[in-house]
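Here is the structure we will look at.
Each ligand, and each atom within it, is numbered from 1 in the order the structure gives.
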Amino acid sequence: MLNFNYYNPTRIRFGKDTIAEIDSLVPSDAKVMILFGGSSARKTGTLDEVKQSLGNRFIVEFDGIEPNPTYETLMKAVAQVHEQNIDFLLAVGGGSVIDGTKFVAAAAVFEGEPWDILMGAKVTQAMPFGSVLTLPATGSEMNNASVVTRKSLQAKLPFRNDLVYPQFSILDPTKTFTLPERQVANGVVDAFVHITEQYLTYPVNAAVQDRFAEGLLQILIELGPKVLVQPEDYDIRANLMWVATVALNGTIGVGVPHDWATHMIGHELTALYDIDHARTLAIVLPALLQCTKEAKREKLLQYADRVWHINTGTDDERIDAAIAKTKAFFEAMGIATHLSAYNLDASHVETVVKQLEQHGMVALGEHGNIDPAMSRKILTLAL
Ligand code: NZQ
Ligand code: ZN
């Protein structure tokens with residue numbers, strides 16, 4: 001196992017009716033900005049519940065944080081934070097709203113041009129914030145990462161900082177009942193790929209992380225298709241919600257190598273062609289596994305055996321079968337695994353590779369050897 005330094009300060013309040021607990025989690029004299037997305041928080045009544053729990057506190061609403069939150073929109077929130085002397089942020093939504101709130105938390109107190117945060121500038125302070133999660137997928141509710149898009153540059157870039165862990169996150173599985181099927185499927189696939197990015201690398205004898213990861217993958221494989229036919233089943237929703245959180249809150253990621261190439265290539269596909277985050281991952285991952293199967297051989301064999309119970313055939317046959325099963329799982333969730341499903345062809349592959357180069361994404365993967373030529377190969381295989 002590799003050395004690690006594990007820190008996760010986010011308090012989780014999980015279960016039915018936990019929104020009412022916000023009152024005890026936000027300072028009573030706080031001036032609160034509630035940040036949310038397009039219309040779902042208002043329509044579903046979640047926003048009203050949150051406001052009720054905040055009682056008499058001073059509240060400002062900031063709506064319109066779009067999926068794949070943009071710098072352009074978030075900077076408007078930053079301006080309002082300053083104008084209204086806001087001192088506490090509360091995100092109500094999915095990964096986009098929570099990521100956006102993390103950026104606002106850092107940008108509002110950043111000295112200099114906030115876009116530099118996405119260009120690697122050090123964040124040394126951030127406003128306190130909490131979240132009410134309405135879409136299990138990204139793990140943003142319990143991690144220190146945020147991904148922001150700058151529309152004018154067609155750039156979608158991540159930043160990480162320990163100051164942007166939410167102080168608390170409310171996870172009420174009943175709040176996910178209103179999700180459209182497409183977002184439910186996206187969440188399952190996103191969480192699945194978060195796990196593979198931290199698991200399908202090379203062995204370092206990290207038995208705890210491996211067995212956790214394998215268990216979480218199996219839960220997604222079992223419950224993913226079930227939630228599509230039993231969308232109102234509380235226990236399925238609760239388990240999926242917690243899996244998505246644990247998939248990216250550090251538990252399985254400490255002490256092991258990480259890949260993240262699928263995500264970095266996927267981010268370019270979203271920035272250029274507006275494909276949902278999880279859908280880009282379903283396109284890239286199977287092709288990436290195929291192209292990197294020598295380097296990932298041992299873990300792919302372990303994955304085939306322990307996750308998919310594939311025990312017959314040569315090593316190559318078992319690896320190929322595991323990749324095929326992975327693809328079939330994404331397709332069963334209603335998510336395409338080819339670029340052609342989005343009318344993209346070889347000419348678009350070149351555009352994506354150019355963007356990767358422009359954003360310095362030229363040494364990806366756990367060995368840093370996914371260069372532009374390899375990214376081209378992966379994307380071409382994904383056509
Ligand atoms: O905007 P509204 O009207 O609220 O609708 C949203 C949105 O259109 C809707 N929705 C959310 N909760 C709902 C609901 N509709 C009905 N009922 C509910 N309860 O769902 C749509 C998608 O929401 P979004 O927040 O964009 O989805 P997701 O949670 O998948 O977040 C995706 C973003 O997270 C980033 C992605 O890059 C992308 O920008 N990621 C963040 C990560 C992190 N912070 O660690 C890691 C991930 O890999 C990912 O990169
Ligand atoms: Zn993701």
Any N or O of [X] that comes nearer than 3.5 Å to an N or O of ligand 1?
X	answer
Val97	no
Thr176	no
Pro69	no

If hydrogens are left out, which of Gly94, Gly37, Ser40 has an atom nearest to atom 6 (C) of ligand 1, that is, the closest non-hydrogen atom?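 Residue with the shortest heavy-atom distance to the ligand atom: Ser40.
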
Just to be sure I'm reading this right: ignoring hydrogens, which of Ala91, Ala41, Ser96 gets closest to atom 26 (O) of ligand 1? Compare them by their nearest heavy atoms.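 The residue whose heavy atom sits nearest atom 26 (O) of ligand 1 is Ser96.
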
Could you check whether Lys122 pairs with Asp116 (Lys NZ or Arg NE/NH1/NH2 to Asp/Glu carboxylate O, under 4.0 Å)?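 Salt bridge between Lys122 and Asp116, a charged N being under 4.0 Å from a carboxylate O: no.
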
For the pair Lys299 and Asp210, find out whether any cationic side-chain nitrogen is under 4.0 Å from an anionic carboxylate oxygen.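 Answer for the salt bridge query: yes.
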
Looking at the Zn ion (ligand 2), which N/O/S atom of Asp190 is the nearest one?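 The nearest such atom is OD1.
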
For His267, counting its heavy atoms only, list the atoms of ligand 1 lying under 4.0 Å from any of them.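 Counting atoms of ligand 1 from 1, those under 4.0 Å from His267 are 37 (O), 50 (O).
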
Please write down residue, atom name and distance for the protein heavy atom closest to atom 38 (C) of ligand 1.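 The closest one turns out to be Asn68 OD1, 3.4 Å.
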
Please report which non-hydrogen protein atom sits nearest to atom 12 (N) of ligand 1, along with the residue it belongs to and the distance in Å to one decimal place.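 Answer, as residue, atom name and distance: Thr134 OG1, 2.8 Å.
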
Could you label the plane-to-plane angle of the Phe177 and Tyr234 rings as parallel, tilted or perpendicular, counting under 30° as parallel and over 60° as perpendicular?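 Rings of Phe177 and Tyr234: perpendicular, as their planes differ by over 60°.
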
